[in-house]
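What follows is one structure encoded as structure tokens, with my remarks underneath.
Residue numbers count from 1 along this sequence. Everything quoted here is computed from the prediction, not taken from an experiment.
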Amino acid sequence: MTSPLATLASLAEPPIHYMDGAAMDYFLIEMVNTLRSSSAVSTARSKKIEKQMIDAGILPPPPPSKDLPSKENGTPRDSLTSLNPKTGSGIKSQALQVTDEDEEALRTRLEAIGMHVGANFAERLCRDKLIFTETLDAIKFICKDVWAACWDKQVDNLRTNHRGVYVLQDNTFKPVLRLSSWESREIAIKRAKIYAAMPIGIIRGALGRLGYTCTVSAEITSLPQCTFQVKLPKGS
């Protein structure tokens with residue numbers, strides 16, 4: 001039971017909020033839109049330079065794509081239909097590949113920003129705390145202190161197999177709380193996954209600053225719930 005003196009002390013010195021939760025939501029939305037355009041330009045520039053180096057003989061040409069038109073049963077495929085954007089798989093697969101590359105470039109940038117934010121948060125929030133001797137204590141620090149600093153709430157559920165795998169579940173994850181799509185629920189969930197990239201980086205950056213190397217992945221199966229899986233190497 002909390003003593004009256006502790007209650008008075010908490011009222012006299014309320015916890016410091018390093019970030020406004022609502023501002024974080026709006027900032028992330030605008031950042032994703034901005035970096036998506038920036039990543040597309042960067043990817044196009046890299047492809048242009050790579051093509052110039054291939055044409056100059058500096059780099060070897062890429063292997064032929066499996067999706068290019070081929071002969072089936074000795075009959076040549078109609079070039080007009082096989083390369084049609086609406087019916088053929090050649091141009092369609094190339095468009096999907098470009099989209100995947102752009103999304104990966106965007107995800108990489110968002111995660112890098114998140115790692116920087118998470119590392120700084122961990123350093124500030126741990127200033128008056130003792131060094132964590134147990135891995136579980138470090139994960140609880142992420143679930144409570146870091147989550148509250150970023151999104152004004154704690155993680156709803158924490159599970160572990162006691163073998164270095166931790167599952168953090170947030171039932172109302174704020175970065176995807178207001179996302180929706182007029183097309184379908186599946187499209188909304190697919191688009192929401194990119195908004196988990198920066199939180200993944202925040203988790204990695206915070207644990208990295210605490211001395212833990214980890215891999216983090218996110219899963220969104222129903223909005224606004226988001227589940228993060230943190231894997232630490234054995235012996236951490």
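Between L223 and A188 the shortest heavy-atom distance is CD1-CB, 4.0 Å. The shortest non-hydrogen separation linking P61 to I54 is CA-CG2, 4.0 Å. Between P233 and T213, the shortest heavy-atom contact is CD-O, 2.9 Å. Listed here is the closest heavy atom pair of A149 and F121: O-CZ, 4.4 Å. Between R191 and I194, the shortest heavy-atom contact is O-CG2, 3.2 Å. For the residue pair C226 and I220, the shortest heavy atom distance occurs at SG-CG1, 3.7 Å.
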**OP:** Any chance you could lay out the side-chain contact (heavy atoms from CB on, under 4.5 Å) test for C143 and Y166, step after step, and finish with the verdict?
**Re:** CA-CA 11 Å; C143 296; Y166 300 87; over 6 Å; no
**OP:** Could you go through the side-chain contact (heavy atoms from CB on, under 4.5 Å) check for V176 and Q225 one step at a time?
**Re:** CA-CA 8 Å; V176 300; Q225 186 184 90; over 6 Å; no
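A donor atom on one side chain and an acceptor atom on the other are not found under 3.5 Å apart for D170 and W151.
Note on V167: it does not cluster hydrophobically with I200, by side-chain heavy-atom contacts below 4.5 Å among ILVMFWY residues. One hydrophobic cluster holds both L136 and F132 under the rule that ILVMFWY side chains link at heavy-atom gaps under 4.5 Å.
Remark: D156 pairs with K153 by the salt bridge (charged side-chain N to carboxylate O under 4.0 Å, His left out) rule, at least two apart or across chains.
L207 CG to L232 CG: the interatomic distance, rounded to the nearest 0.5 Å, is 6.5 Å. S184 OG to K190 NZ: the interatomic distance, rounded to the nearest 0.5 Å, is 10.0 Å. Distance check: N157 CG to N171 CG gives 7.5 Å after rounding to the nearest 0.5 Å. Here I203 contributes atom CD1 and M198 contributes atom CE; the two are 12.0 Å apart, rounded to the nearest 0.5 Å. The CD atom of Q169 sits 10.0 Å away from atom CD of E219, with the distance rounded to the nearest 0.5 Å. Here OG1 of T135 is found 10.5 Å from CG of L210. Values are rounded to the nearest 0.5 Å.
Classified by interplanar angle (parallel below 30°, tilted 30° to 60°, perpendicular above 60°), the ring pair F173/F228 is perpendicular.
Side-chain atoms of I189 and T221, non-hydrogen and from C-beta on, never get closer than 4.5 Å to each other. Between P224 and K174 there is no side-chain heavy-atom pair separated by less than 4.5 Å.
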Under 3.5 Å, which donor-acceptor pairs do the side chains of residues 105-116 form with other protein atoms, sequence neighbours left out?
from, atom 1, to, atom 2, distance (Å)
R107, NH1, E104, OE1, 3.0
T108, OG1, E104, O, 2.8
R109, NH1, S38, OG, 2.5
E111, OE2, R204, NH1, 2.4
H116, NE2, N120, ND2, 3.3

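If you run side-chain contact (heavy atoms from CB on, under 4.5 Å) between L168 and each of T160, T227, I139, V216, only I139 comes through.
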